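Have a look at the structure below before the remarks.
Sequence lines set the chain letters: A, B, ... in the order given, protein chains first and strands last, and positions in each chain run from 1. Computed from a predicted structure; not experimentally measured.
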There are 2 protein chains.
Amino acid sequence: MKQDIKVSVDAVVFGYSPEEGIQVLLIKRKYEPFQKSWALPGGLVLNEESLEEAVHRELQEEAGIDVNYLEQLYSFGQPARDPRNRVISVAHFGLVRPDDYQLSAQTDAEDVAWFSIKRIPRLAFDHKQIIDVAIKRLRSKIVYEPIGFELLDKEFPFSDLEKLYQVLLDNDLDRRNFKKRIMALGFLEEVNKTLQRKAGRPAKLYRFNKKKYFELKERGYHSDLFYS
Amino acid sequence: MKQDIKVSVDAVVFGYSPEEGIQVLLIKRKYEPFQKSWALPGGLVLNEESLEEAVHRELQEEAGIDVNYLEQLYSFGQPARDPRNRVISVAHFGLVRPDDYQLSAQTDAEDVAWFSIKRIPRLAFDHKQIIDVAIKRLRSKIVYEPIGFELLDKEFPFSDLEKLYQVLLDNDLDRRNFKKRIMALGFLEEVNKTLQRKAGRPAKLYRFNKKKYFELKERGYHSDLFYS
DNA sequence: GCAAAAGTGTTTATCTTACACCCATGT
DNA sequence: ACATGGGTGTAAGATAAACACTTTTGC
């Protein structure tokens with residue numbers, strides 16, 4: 001009757017680009033079970049490392065990336081979720097700017113790639129479910145915490161932010177009202193540059209001032225970004 | 001280098017009474033480590049049971065109660081949180097009407113009791129931290145989901161709900177505005193009874209209509225109970 | 001000069017807040 | 001009759017929503 005359960009971590013890492021929308025990072029498994037299936041990066045926790053450390057290590061080992069935002073998502077522990085042994089997975093949720101890294105399959109993975117969340121292949125284990133939970137978390141979190149910025153370039157045109165919110169919340173939002181609301185929050189600042197991506201008028205660039213955000217937050221200031 | 005980590009569940013079960021405020025269920029440990037310390041009910045997950053089942057079982061075994069609301073809270077996995085082996089605890093968050101049960105220490109616990117969250121004794125392991133996270137979750141969740149009703153009698157005077165929200169959010173709320181908002185949500189219904197607890201005019205009793213709530217929720221209806 | 005994307009204010013409607021007195025009961 | 005807790009509406013202020021034309025660039 002001795003307990004025989006293993007503990008792993010998995011990471012749902014989201015990226016974004018105005019062309020591809022929201023993407024998720026997947027690896028192709030090198031070994032059984034689910035050999036050659038796409039799956040979330042992750043693996044067993046080592047005896048001496050924290051859960052977070054395990055996630056960072058696995059992301060490094062399997063995909064060669066380093067997220068700039070990470071939080072715990074949920075622990076998945078159904079007895080039958082792994083066909084071999086019982087494995088409880090502490091799933092995490094991460095955000096990264098895809099352009100910051102060149103993906104490279106490392107030791108444990110045969111391949112790594114970004115997939116649009118609209119076209120996710122069949123996945124190993126219960127990883128599809130985990131992604132669904134993560135997407136829900138992303139959608140709900142983005143309305144009350146400024147995590148969207150972690151997905152955009154450090155300096156970005158305002159329209160990127162607009163598109164990100166539209167893609168995530170898929171409601172048409174009024175550009176003028178959106179800008180008013182965001183600017184009223186007080187932590188977005190204009191940098192003195194412009195960017196032109198294709199045609200059209202060049203866009204001013206903006207930057208998320210994280211320090212200012214935390215100052216405002218400290219002062220008991222609270223405001224949802226959107227109520228809709 | 002084989003993984004040597006155990007998996008446990010712990011439960012932060014909240015109760016409420018208008019006199020005592022928010023209370024948390026604790027047990028006094030029978031065995032080492034932390035023998036005779038107060039601690040959260042919980043214990044190792046069995047090989048064949050789900051995490052939720054483990055929580056229900058432990059609550060039954062240690063305190064003789066059955067919660068009517070339960071959700072996963074967070075997994076605590078710092079390598080040093082248990083002095084013996086490494087144990088990862090999947091903490092849960094539960095709500096119960098204290099009057100529904102007579103607490104009774106069972107096999108693994110020497111004692112069980114409710115403690116006001118204002119007077120929590122020194123606890124075993126990192127359980128104080130876990131409770132802090134749970135309180136935060138309770139406070140934040142009660143503003144956007146009607147979980148408060150799980151803490152009140154099935155039929156309750158409106159003032160109980162008022163007091164619950166005041167205690168939790170500790171802001172003075174306007175009784176008239178509060179009632180308007182709650183009633184506008186459309187899932188609280190008057191039952192045709194009154195209750196008199198001490199002096200004063202007898203209070204009408206109300207009931208949370210869970211079915212109506214889920215109907216409204218299905219229809220894409222969303223509304224925060226409070227923004228403050 | 002026209003297509004493409006960025007930039008920008010005002011008015012109206014809705015929602016939130018502030019506020020105070022009367023009612024029904026027990027003692 | 002008074003103390004205790006329960007019940008109730010309205011007006012002012014704040015916030016969100018609706019709405020469309022001009023600007024700057026590349027081709």
Side-chain angles (χ1 to χ4, degrees), chain A residues 17-19 21 142-144 152-153 155-167 169-186 188-207 216 220-228, chain B residues 17-19 21 142-144 152-153 155-167 169-186 188-207 216 220-228:
Chain A
S17 78
E19 301 82 32
I142 203 170
V143 307
Y144 66 90
L152 301 178
D153 292 335
E155 301 181 344
F156 54 87
F158 208 88
S159 55
D160 276 13
L161 193 63
E162 263 174 50
K163 273 183 215 129
L164 174 59
Y165 274 83
Q166 288 205 84
V167 166
L169 307 178
D170 66 30
N171 56 354
D172 298 339
L173 49 79
D174 183 289
R175 290 168 55 227
R176 279 174 287 192
N177 291 339
F178 178 80
K179 184 154 185 187
K180 261 181 284 174
R181 273 202 278 205
I182 295 290
M183 295 316 279
L185 297 172
L188 195 62
E189 58 192 23
E190 201 174 322
V191 308
N192 207 7
K193 299 184 201 163
T194 58
L195 172 73
Q196 190 164 15
R197 242 184 314 231
K198 283 181 182 167
R201 177 173 175 172
K204 295 181 198 164
L205 292 182
Y206 292 83
R207 181 201 301 146
L216 290 167
Y221 161 96
H222 165 72
S223 156
D224 281 357
L225 282 68
F226 302 95
Y227 301 174
S228 54
Chain B
S17 79
E19 302 82 33
I142 203 169
V143 307
Y144 67 91
L152 301 178
D153 292 336
E155 300 181 345
F156 54 88
F158 207 90
S159 56
D160 276 13
L161 193 64
E162 261 173 52
K163 272 184 215 129
L164 173 59
Y165 274 83
Q166 284 202 94
V167 166
L169 306 178
D170 65 29
N171 54 354
D172 298 340
L173 48 81
D174 182 289
R175 290 168 55 229
R176 280 175 288 192
N177 292 340
F178 178 79
K179 186 157 186 185
K180 260 180 288 175
R181 273 204 277 209
I182 295 288
M183 296 316 278
L185 297 172
L188 196 62
E189 58 191 24
E190 202 175 321
V191 308
N192 205 6
K193 300 184 199 163
T194 59
L195 171 74
Q196 190 162 17
R197 244 187 309 234
K198 285 180 179 166
R201 176 176 176 172
K204 294 180 198 166
L205 292 182
Y206 292 83
R207 181 201 302 148
L216 290 168
Y221 160 97
H222 165 73
S223 156
D224 280 358
L225 284 68
F226 303 95
Y227 302 175
S228 53

Discussion item. Just the rounded figure in Å: distance from P of D/dA14 to CZ of A/R181.
Written reply: 19 Å

Discussion item. Could you check whether any side-chain heavy atom of B/L185 comes within less than 4.5 Å of a side-chain heavy atom of B/L216, counting everything from C-beta outward?
Written reply: no

Practice prompt. Starting from C1' on D/dT8, measure out to CD on B/E162 and report it in whole angstrom.
Written response: 12 Å

Fill in: Atom-pair distance (CD1 on B/I182; C1' on C/dT16), nearest Å
15 Å

Discussion item. To the closest 0.5 Å, what do you measure between CD (A/E189) and CE (A/M183)?
Written reply: 9.0 Å

Item to complete: Take B/N177 and B/P157, find for each the nucleotide of DNA chain D with the closest heavy atom, and name the residue whose nucleotide sits nearer the 5' end.
Response: B/P157

Worksheet item: So which heavy atom on A/R176 is nearest to which on A/D174, and how close?
Response: N-OD1, 2.9 Å

Listed pairs under 3.5 Å, donor-acceptor, residues 194-204 of chain A side chains, sequence neighbours left out:
residue: A/Q196; atom: NE2; partner: A/G200; partner atom: O; Å: 2.6
residue: A/R197; atom: NH2; partner: A/D160; partner atom: OD1; Å: 2.4
residue: A/R197; atom: NH2; partner: A/D160; partner atom: OD2; Å: 3.0

Discussion item. Judged by each residue's nearest nucleotide on DNA chain D, which is more toward the 5′ side, B/D174 or B/D160?
Written reply: B/D160

Fill in: Interatomic distance where NZ belongs to B/K180 and C1' belongs to C/dT17 [whole Å]
8 Å

Worksheet item: So which nucleotide from D/dG6, C/dT10, D/dG9 ends up closest to the side chain of B/A203?
Response: D/dG6

Worksheet entry | B/R176, nearest nucleotide to its side chain (from C/dT17, C/dC19, C/dG9) | C/dC19

Discussion item. In this structure, how many angstroms lie between the C1' atom of D/dG6 and the NZ atom of B/K163, rounded?
Written reply: 11 Å

Item to complete: Answer yes or no: is there a donor N or O on one side and an acceptor on the other, between the side chain of A/D153 and the main chain of A/E155, under 3.5 Å?
Response: no

Worksheet entry | Considering all heavy atoms, the nearest B/L173-B/E162 contact | CD1-CG, 4.3 Å

Worksheet, complete the sentence: A/R175 has its side chain closest, among D/dA20, D/dT10, C/dT10, to D/dA20

Practice prompt. Find the distance B/L195:CG to C/dA24:P and express it as a whole number of Å.
Written response: 17 Å

Worksheet item: Under 30°, 30 to 60°, or over 60°: which ring-plane class applies to A/F156 and A/Y206, parallel, tilted or perpendicular?
Response: tilted

Item to complete: Using whole Å, report how far CG of A/D172 lies from C1' of D/dA17.
Response: 14 Å

Worksheet item: In Å, rounded to the nearest 0.5 Å, how long is the span from CD of B/E19 to NZ of B/K163?
Response: 8.0 Å

Worksheet entry | Relative orientation of the end axes in the helix from C/dG1-D/dC27 to C/dT27-D/dA1, expressed as an angle to the nearest 10° (five pairs per end) | 0°

Response to the item:
Between CZ of A/F158 and P of C/dA5 the distance, given in whole Å, is 18 Å

Worksheet item: When rounded to the nearest 0.5 angstrom, what distance separates CG in A/L188 from CG in A/L161?
Response: 7.0 Å

Worksheet item: With sugar-phosphate meaning primed atoms plus P, OP1 and OP2, does B/K204 contact a base, only sugar-phosphate, or nothing at under 4.0 Å between heavy atoms?
Response: sugar-phosphate

Practice prompt. Pick base, sugar-phosphate or nothing for B/R197, based on heavy-atom distances below 4.0 Å to the nucleic acid.
Written response: nothing

Worksheet item: Distance from A/S159 atom OG to A/L164 atom CG, nearest 0.5 Å?
Response: 11.5 Å

Worksheet entry | Under 4.0 angstrom between A/S159 side-chain N/O and C/dA6 OP1 or OP2 | yes

Output one line per pair: protein atom, nucleotide atom from nucleotides 25-27 of chain C, and distance, for all N/O pairs under 3.5 Å.
residue: C/dT25; atom: O3'; partner: B/Q196; partner atom: OE1; Å: 3.4

Discussion item. Classify A/K179 by what it touches in the nucleic acid, base, sugar-phosphate, or nothing, heavy-atom distance under 4.0 Å.
Written reply: sugar-phosphate

